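These notes are about the structure you will find just below.
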Amino acid sequence: MSDYDADVIVVGSGSLGSMVALELARAGKKVIVLEAGPETTDWKVTDNFRNSARQNNFNALFPDVPYAPNSFSPGYISPHLEGIEVFPGTLRSVGGTSRHWTAATWRLLPEDMTLKSSFGLAVDWPITYAELEPFYCDAEYEIGVNGIADYDESGQGLGYTYPPRSRPFPLPPEAKPYAIQRLQQQIATKGYRIDVAPSSRISKPYDGRPACIGNNMCNWNCPIGAKHSGYHVVEKIRKLGVDLRSNAIVHKIETGADGKVNALHYLTPNRAATRLTAKVYVLAGHGFETPKLMLMNNLGARSGMVGRNLMVHPTIDMTLLSSEPLWAGRGQNIHGAIMQRRNQPDRTRIPSTRYDLLNNPPTVGIAETALSERKIGAALDDEIHDRSARIFTFEALTEDLPDKANGISLNPGFKDSLGLPGLRLDYRISDYTNANLPRLMDDFANFLQATNGTRISAPTKWICQQHIMGTVRMGTQAEDAVVDRDLRCFDHQNLFLVTTGVMPTAGGVNPTLTGMALAIRAGKHIAKEV
C-alpha cells in the first residue's frame, strides 16, 4: 500500500493545471487536483451571461464566494498603480480563468525568449524556442488551434513560416467576418496588413466539439463549446480517474529540513481541514494565486523573486465611428490582428506591439452612452442602430519588461471568510512602454484616415490585459529566479510551478498557449520521476 495519498497533487484546475494532470493521468499516475473555487457548468455560465446586468465583468458569470475571492471581490486586491488604470483579473473556479478568454493562441517568437541576447533587454529564457516547439504542437493539437499554413507570425513579411513549426496547424483558418474584410481593404491603403489570428475556436468539428458558428461570446463563454476552455480538460481528466476536489482551499504547505515538501493542507468553506501527501506537488494557480500561496508559506524565498517582475501587457484602445456600416459583433470575437510592429529592429527602445481588431458586440456600451446623454424612445433606438453599425475598436497590446518593483505581495489588511490574506498589487508603467506612445498615436491616426472615421474614444491612460507573467519566473540560478528550466522550484526538489507566472519575458502576444506548452512539457518530465 502506498505511503502517499497520490503520486502527484496539483493545486489549480485551470487550463495549465488540468493539462499537467492530463499528462500524468495518461502516464498512469495517481493524481489529485485541488481547486479553491466552486464548479459552474458551461450551460449555467451561458445562462448567467444572458441574464447579467454586468456583461463587461467576466467574473460576474461565476459565483463570488467569500472563501475564494477573485479580482472583482471588493477589497481582495489593493491596487497601487502609476500610469495605468486597470489591473489584471483572476477567477477561482473549476476550469480556471480560461473559462473566459478570447482563445488567441499565438506562439512566442525565438527572439521573445532571447530578449537579452537579441536586443540587450531583460533576460533570456533558460530554454530555447526549439526545445519548446514540440510542446507547442502538442498543445495546439490538444485544444484544437486553427491557422494558416506557411504563416509568418512575426509580421515582418519574411515569406516563410516563422517561428519554425514541426507540424502544421491542426485546423484550417476561420472565415473572415465582414468587418475585418472591409477594414483590411481600407487600411491597406496606408500600408498595413491584417493577419488572421490563430485561435482555439475550432473551424470544423474536432475532438467531440462542434465548429464555431460565430456566436461572438468568446470572451464570456462559448455556448456550444467550440472555443477551448479549461473545463474541457477537466472533463478529460475526470474520465481518466483524476480526483478533482473543488472548494478545496490550500493554505498550508509543510517542508522538511531538506526543503522537500512533505504535505499540504486545505480547508473547505466550513473550515474542515484535510492533510494530503504526495511524491510531487505542483502549484498551478493563477499568476497571482501561485506566488500568494508561496508567500503565505515562505516558499522559494532564496531568490527574493516570488511575486516580483510582474508583466501585464499594457494596452491602449482607440474607438472610431466609420463612415460606413461595419456591423462589428458578427462572426468571431477577435479574428484579425496587425502584426507589423511585433519584431521590428528598433525593439531595443520601442516595445513589440500588435493591434487587435475587436469584433465585439458593441450594443451595451452604446446604450449606456446614449442613456447618459438622456436619449429615450425613438432617439435612443436610432442612436443604438446607427452607432452599432459603424463603431469599431482597435486595441494596441504592447510588450512589457520585467521590473522587480512591479508585483504582488500579501495584504494582511484583507481577510477572506477563512482568515486568509488578500493581495497588494504594485505596478508602474515603464519608460520603455511610454516610448511606444508616439508610434501608437501615428498608427491610430492612419487607421482613422483610412476608414474616413471619427474618433469617439481618445486614448488617455494605459489599461492592461488579463495576462500575468513573471511573478515566479524561471531561470538558470536560484539567485534571480524561482524555478529552473523544468519548472522545478530551486528551493524545493519535489515542488513544480506551472503557471504563466514562470515566463521571464512577455513578448507581445497572449501567454496561455505558451503556458500550456510549458505545462505539457512539465507533465511529461514529472511523469518520468514518479
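Since the model is a prediction, treat every value here as computed from it, not as a measurement.
- Considering only residues two or more places apart in sequence or on other chains, Thr102 meets the side chain to side chain donor-acceptor pair (under 3.5 Å) condition with none of them.
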For this session: Would you please test Leu22 and Glu142 for side-chain contact (heavy atoms from CB on, under 4.5 Å) and show each step?
Result: CA-CA 10 Å; Leu22 184 62; Glu142 185 62 54; 3.7 Å; yes
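- The backbone N or O of Arg201 sits nowhere less than 3.5 Å from a side-chain atom of Arg209 that would complete a donor-acceptor pair.
- Expressed to the nearest 0.5 Å, how far CG of Leu420 lies from NZ of Lys252 amounts to 13.0 Å.
- Residues Val8 and Ile526 share a closest heavy-atom pair of CG2-CG2, 4.0 Å.
- With sequence neighbours excluded, the residues satisfying ring-ring contact (aromatic ring centres under 6.0 Å, His included) with His100 are Phe58.
- Pairs passing the salt bridge (charged side-chain N to carboxylate O under 4.0 Å, His left out) check and including a residue from residues 515-527, sequence neighbours excluded, read Glu23-Lys524, Asp486-Arg521.
- For the atom pair Arg26 CZ and Leu24 CG, the distance stands at 11.0 Å (nearest 0.5 Å).
- Judged purely by distance below 3.5 Å, without hydrogens or angles, the side chains of Tyr432 and Asp403 never pair a donor atom with an acceptor atom.
- Side-chain atoms of Thr128 and Met113, non-hydrogen and from C-beta on, never get closer than 4.5 Å to each other.
- Identified under the ring pair (Phe, Tyr, Trp, His ring centres under 6.0 Å) test for residues 469-496, with sequence neighbours left out: none.
- Inter-residue side-chain proximity for Ile143 and Thr105 is flagged as met; some heavy-atom pair is nearer than 4.5 Å.
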- request: Evaluate side-chain contact (heavy atoms from CB on, under 4.5 Å) for Thr499 paired with Leu283, printing each intermediate quantity in order.
  value: CA-CA 8 Å; Thr499 165; Leu283 300 187; over 6 Å; no
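- Pairs engaging residues 275-310 under the ring pair (Phe, Tyr, Trp, His ring centres under 6.0 Å) rule: His286-Phe288 [sequence neighbours left out].
- To the nearest 0.5 Å, the span separating NZ on Lys279 from CG on Asp7 amounts to 4.5 Å.
- Residues that satisfy the side chain to side chain donor-acceptor pair (under 3.5 Å) test with Ser246, not counting sequence neighbours, are absent from this structure.
- Between Asn221 and Thr46, the side chains place a donor N or O and an acceptor N or O closer than 3.5 Å (distance only, hydrogens not considered).
- At least one side-chain heavy atom of Tyr231 sits under 4.5 Å from a side-chain heavy atom of Val94.
- Here salt bridge (charged side-chain N to carboxylate O under 4.0 Å, His left out) pairs that include residues 217-234, with residues two or more places apart or in two chains, number zero.
- Separating the CG atom in Asp317 from the CD1 atom in Ile463 is a distance of 4.5 Å, to the nearest 0.5 Å.
- Across all non-hydrogen atoms, the minimal contact from Ala273 to Leu267 is CB-CD2, 3.9 Å.
- To the nearest 0.5 Å, atom CD1 of residue Ile202 and atom CD of residue Glu174 are 10.0 Å apart.
- In this structure, the side chains of Ile224 and Cys222 come closer than 4.5 Å at one or more pairs of heavy atoms.
- For Asn360, the side chain to side chain donor-acceptor pair (under 3.5 Å) partners at least two apart in sequence or on another chain are Asn333.
- Residues passing the side-chain contact (heavy atoms from CB on, under 4.5 Å) test with Asp258, sequence neighbours excluded: Lys260.
- Within the cation-pi definition used here (under 6.0 Å to the ring centroid, within 45° of the axis), Arg167 qualifies as a partner of Tyr141.
- With hydrogens and angles ignored, the 3.5 Å screen pairs no side-chain donor or acceptor of Arg485 with any backbone N or O of Ile127.
- Atom NZ of Lys415 has more than 12 neighbouring heavy atoms from other residues, nucleotides or ligands inside a 6.0 Å radius.
- Contact record, Asp426 with Ala405: CB-O, 3.9 Å, taken as the closest heavy-atom pair.
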Could you tabulate the donor-acceptor pairs under 3.5 Å formed by side-chain atoms of residues 503-511, not counting sequence neighbours?
unit_1 : atom_1 : unit_2 : atom_2 : d
Thr505 : OG1    : Asp112 : O      : 2.7
Thr505 : OG1    : Trp125 : NE1    : 2.7
Asn510 : OD1    : Arg354 : NH1    : 2.9
Asn510 : OD1    : Arg354 : NH2    : 2.7
Asn510 : ND2    : His467 : NE2    : 3.4

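- Between the side chain of Asn359 and the backbone N or O of Gly329, at least one donor-acceptor pair lies under 3.5 Å.
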Just distance, no hydrogens or angles: give the donor-acceptor pairs under 3.5 Å from side chains in residues 77-91, sequence neighbours left out.
unit_1 : atom_1 : unit_2 : atom_2 : d
Ser78  : OG     : His80  : NE2    : 3.1
His80  : NE2    : Arg424 : NH1    : 3.4

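- Checked against side chain to side chain donor-acceptor pair (under 3.5 Å), Arg302 has the following partners two or more places apart in sequence or in another chain: Asp491.
- Between Val472 and Pro291, the shortest heavy-atom contact is CG1-CB, 4.0 Å.
- Between the Asn247 side chain and the Thr268 main chain, no donor and acceptor come within less than 3.5 Å of each other.
- Using the six-membered ring where Trp is involved, Phe414 and Tyr76 have ring planes that are perpendicular, over 60° apart on the 30 and 60° scheme.
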side-chain contact (heavy atoms from CB on, under 4.5 Å) between His525 and Leu487, intermediate numbers included: CA-CA 10 Å; His525 180 85; Leu487 308 193; over 6 Å; no
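- Using a 4.5 Å heavy-atom threshold, the side chains of Arg92 and Glu35 count as touching.
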Is there a salt bridge (charged side-chain N to carboxylate O under 4.0 Å, His left out) between Lys30 and Asp5 once you walk through the steps? CA-CA 9 Å; Lys30 182 179 180 182; Asp5 295 297; over 6 Å; no
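- A side-chain donor-acceptor contact under 3.5 Å links Thr514 and Tyr136.
- Side chains of Glu395 and Thr315: a donor-acceptor N/O pair is absent below 3.5 angstrom, by distance only.
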Does the side chain to side chain donor-acceptor pair (under 3.5 Å) test come out yes or no for Asp64 and Ser73, once each step is laid out? CA-CA 7 Å; Asp64 185 1; Ser73 302; 2.6 Å; yes
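- A donor-acceptor pair shorter than 3.5 Å cannot be found between the side chains of Thr277 and Asn262.
- Between Trp220 and Phe49, the angle of the ring planes lies from 30° to 60°, which puts this pair in the tilted group.
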